[in-house]
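Structure first, then comments.
Please read these numbers as outputs of a predicted model, since none were measured by experiment.
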Amino acid sequence: MHDVRGNPTSTTSPVALEHAERALWRLISFFGDPQPDLDAAAASDPGWALPHIMKAGFWLTLTERRWQADAAAAIAAAEQRAGTAHERERLLLQGVQLGWRGDWEGACRCWDTVLRRWPCDGLALIWAHLFDFHRGDAYELRRRVARVLPQWSEDDPLYPYLLGMLAFGFEEDHLHREAEDHGRRALAHGVVVPWAVHAVAHVMEMQGRYDEGAAWLRQHQAAWSQGSGFAGHLWWHLGLFRLERLDTEGALRLYDEHLSGDAVQIALQRLDATALLWRLHLLGVDTGPRFTTLASGWDTAPEHSGWSPFNDLHVMLALLGADRVDQARAWLAQVERGTAEWQAAGLRERDEAAAVGLTLQRGLLQHAQGDDTQALETLLKARSQSQRIGGSHAQRDLIDQTLLAAAARGGHRGMGRALLGERHGARAVTPLAQHWAGRFAG
């Protein structure tokens, strides 16, 4: 049988195929949990490998090693059925296997092999797109979607989501006009596309359009705030817009209402909560016990450290925000041990990303210990390579904001003014930028 896009599959069950298509929509749209749909697909065709592959790939995209045991069971189930699987499905499985071995670059190459033969394979596309993001590869983040988009029908229900993905790729490639155009075009299809809302919000953040950005998110709030995996992240974006206008009380209130408690269950949600609190901390806002609660929720098991340099960095931020400096030192040593496997395995890209992440963590620790001069030197060493740890420009901006705070507290006015000069050249001057300018005046 073939799926609705003409991709070959090894199932003979239309019902199983329908459940898998629903799961694919969830994976690409970020609406709901795909696992019940995949369980239904597997039940409808017990011999089909793809539902198990999709489960293991879904857990991989969560960027937490604590899901590895679950993924290993799903991979084993897929391998048992691989003898009757189509070549396309076996390639998808190979990419997931590489990903769980830590070879994220190899996984993307494998999924790209699928896309060259079957450009309308939504699974290969969403997985490669997400790991282009986690690897900090802005070049492929845009071009991978652009290469296949002409092969997709504009009538395909998934087409607007691809436009949203492409819009985000444009934004991360600093092509803001194209990003906003594609984001708005995606929404013109009349379906709910948080991907597109998200991409346009990024553009407005990068350009300092904070009031317009807040209005944009409020305009589409009903579409993204319920049932969407983007919800927490877009609340975070709204928090950033509030910080740009120095509405720290509003940002803290938003944290309490949308980025704490039951709203924070997985690492991808804790990232946003930690990043918003850290920015408030840099501005001297008393965050009370929030950092302590947040730090306790992070997974700091030794066997899980070193998997994602981006996540590891945010664990460090949470520990430092909670004033657990001794634990932060121990965490740094633990991550150093955890990342050694990438060098041993010959995974150059992962080893380089780990090295950048470790340097940034050392700089953050130095800042927390009051050594701002050394913190500036250390953070600046890794700043130009920070995209290697993954994340977006907006997310990695906390590095620059930490540099501003270190320069201000350490009396390095020249450095502070230089950093602000860069900032003013890229975006409108906001009240937040004016705050830092005041710290470097005289």
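To the nearest 0.5 Å, atom NE2 of residue His189 and atom CG of residue Asp156 are 10.5 Å apart.
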*I would like to know whether Arg184 and Asp181 meet salt bridge (Lys or Arg N to Asp or Glu O under 4.0 Å); could you show each step before the answer?*
CA-CA 5 Å; Arg184 292 181 182 275; Asp181 287 348; over 6 Å; no
_Arg147 vs Glu140, salt bridge (Lys or Arg N to Asp or Glu O under 4.0 Å): CA-CA, chis, key distance, verdict_ = CA-CA 10 Å; Arg147 285 196 293 268; Glu140 285 296 333; 2.8 Å; yes
*Between Asp132 and Arg143, is a salt bridge (Lys or Arg N to Asp or Glu O under 4.0 Å) present by the stated rule, with each step listed?*
CA-CA 10 Å; Asp132 287 337; Arg143 288 164 179 81; over 6 Å; no
_side chain to side chain contact (heavy atoms under 4.5 Å, CB included) assessment of Lys55 paired with Asp39_ = CA-CA 9 Å; Lys55 267 197 173 185; Asp39 288 338; 2.5 Å; yes
*List the steps, then state whether side chain to side chain contact (heavy atoms under 4.5 Å, CB included) holds for His52 with Ile75.*
CA-CA 7 Å; His52 305 282; Ile75 288 171; over 6 Å; no
*Could you go step by step and tell me if Glu18 and Ser44 meet the side chain to side chain contact (heavy atoms under 4.5 Å, CB included) rule?*
CA-CA 10 Å; Glu18 184 178 347; Ser44 298; over 6 Å; no
*Between His314 and Phe310, does a ring pair (Phe, Tyr, Trp, His ring centres under 6.0 Å) hold up when you go through it step by step?*
CA-CA 7 Å; His314 284 74; Phe310 195 69; 4.6 Å; yes
*Hey, mind stepping through Glu105 and Arg135 against side chain to side chain contact (heavy atoms under 4.5 Å, CB included) and telling me if it holds?*
CA-CA 8 Å; Glu105 182 182 19; Arg135 293 166 44 244; 4.0 Å; yes
*asked:* Using the rule given for salt bridge (Lys or Arg N to Asp or Glu O under 4.0 Å), can you reason through Arg109 versus Glu349, listing the C-alpha separation, both sets of side-chain angles and the distance that settles it, and then say yes or no?
replied: CA-CA 13 Å; Arg109 285 199 304 269; Glu349 184 185 69; over 6 Å; no
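Counting only heavy atoms from C-beta outward, the side chains of Arg5 and Leu24 approach each other to under 4.5 Å. Inter-residue side-chain proximity for Arg142 and Val145 is flagged as unmet; no heavy-atom pair is nearer than 4.5 Å. Val356 places none of its side-chain heavy atoms less than 4.5 Å from the side chain of Pro309. Contact check for Asp262 versus Gln265: side-chain heavy atoms found under the 4.5 Å cut-off. Side-chain contact check for Leu277 versus Thr274: every heavy-atom pair is 4.5 Å or farther apart. Considering only heavy atoms from C-beta on, Phe291 stays 4.5 Å or farther from Arg324 through its side chain. Contact check for Pro14 versus Met1: side-chain heavy atoms found under the 4.5 Å cut-off. Counting heavy atoms from C-beta outward, Val200 and Arg209 have side chains that stay 4.5 Å or more apart.
Side-chain N or O atoms of Glu303 include none that pairs as donor or acceptor with a backbone N or O of Arg65 at under 3.5 Å. Put simply, the side chain of Glu64 gets close to the backbone of Ala267: a donor and an acceptor are under 3.5 Å apart. Using a distance-only test at 3.5 Å, with no hydrogens or angles considered, no donor-acceptor pair links the side chain of Glu422 to the main chain of Leu419. Side-chain N or O atoms of Arg88 include none that pairs as donor or acceptor with a backbone N or O of Val114 at under 3.5 Å. Judged purely by atom type and a 3.5 angstrom limit, Trp127 has no side-chain atom pairing as donor or acceptor with the backbone of Ala107. The backbone N or O of Asn311 lies less than 3.5 Å from a partner atom in the side chain of Ser308, making a donor-acceptor pair. At distances below 3.5 Å, at least one donor-acceptor pair connects side-chain atoms of Thr402 with backbone N or O atoms of Leu398. With hydrogens and angles ignored, the 3.5 Å screen pairs no side-chain donor or acceptor of Asp3 with any backbone N or O of Leu17. Looking only at distances, a side-chain donor or acceptor of Gln395 sits under 3.5 Å from a matching main-chain atom of Ser392. Between the Trp278 side chain and the Gly321 main chain, no donor and acceptor come within less than 3.5 Å of each other.
Among the candidates Leu282, Leu254, Leu283, Val285, the single residue satisfying the side chain to side chain contact (heavy atoms under 4.5 Å, CB included) test with Leu243 is Leu283. Under the side chain to side chain contact (heavy atoms under 4.5 Å, CB included) rule, Leu332 has a single partner from Val315, Leu358, Asp312, which is Leu358. Each of Arg81, His86, Glu89 was compared with Ser10 under the side-chain hydrogen bond (donor to acceptor under 3.5 Å, both in side chains) criterion, and only Glu89 meets it. For the side-chain hydrogen bond (donor to acceptor under 3.5 Å, both in side chains) test with Asp37, the passing option among Arg22, His19, Arg26 is Arg26; the others fail. Exactly one residue among Trp307, Phe58, Trp59 makes a ring-ring contact (aromatic ring centres under 6.0 Å, His included) with Trp100. That residue is Trp307.
Summarising the geometry of Pro8 relative to Trp118, their closest heavy-atom pair is CD-NE1, 3.4 Å, with the distance given to 0.1 Å. Shortest non-hydrogen contact noted between Leu38 and Ala23 is CD2-CB, 3.5 Å. Contact between Gly208 and Thr430 at its shortest, heavy atoms only, is O-CG2, 3.8 Å. Of all heavy-atom pairs spanning Leu130 and Thr61, the tightest one is CD1-CG2, 3.8 Å. Of all the heavy atoms in Ala368 and Leu320, the pair that sits closest is CB-CD2, 3.5 Å. When all heavy atoms of Pro431 and Tyr210 are compared, the closest pair comes out as CD-OH, 3.3 Å.
Dense packing is recorded around CZ of Arg90, with more than 12 heavy atoms of other residues, nucleotides or ligands lying under 6.0 Å away. Shown here is Gln219, whose CD atom has more than 12 heavy atoms of other residues, nucleotides or ligands within 6.0 Å. With a 6.0 Å radius and a threshold of 12 heavy atoms from other residues, nucleotides or ligands, Asp323 has its CG atom at or below the threshold.
Classification of the Trp25-Tyr161 ring pair by plane angle, with boundaries at 30° and 60°, yields perpendicular. Taking the six-membered ring for Trp and thresholds of 30 and 60 degrees, Trp111 and Phe131 have ring planes inclined between 30 and 60 degrees apart. Classification of the Trp195-Phe230 ring pair by plane angle, with boundaries at 30° and 60°, yields perpendicular. Taking the six-membered ring where the residue is Trp, His198 and Phe168 present tilted rings, their angle falling between 30° and 60°. Between His237 and His233, the angle of the ring planes goes over 60°, which puts this pair in the perpendicular group of the 30/60° scheme. The aromatic rings of Trp224 and Trp235 stand perpendicular to each other, their planes meeting at an angle above 60°, with 30° marking the opposite boundary.
Cation-pi contact between Arg439 and Trp436: absent, since separation from the ring centre below 6.0 Å together with deviation from the ring axis within 45° is not met.
A donor atom on one side chain and an acceptor atom on the other are not found under 3.5 Å apart for Trp48 and Thr9. For His393 and Arg396, the side-chain atoms include at least one donor-acceptor pair closer than 3.5 Å.
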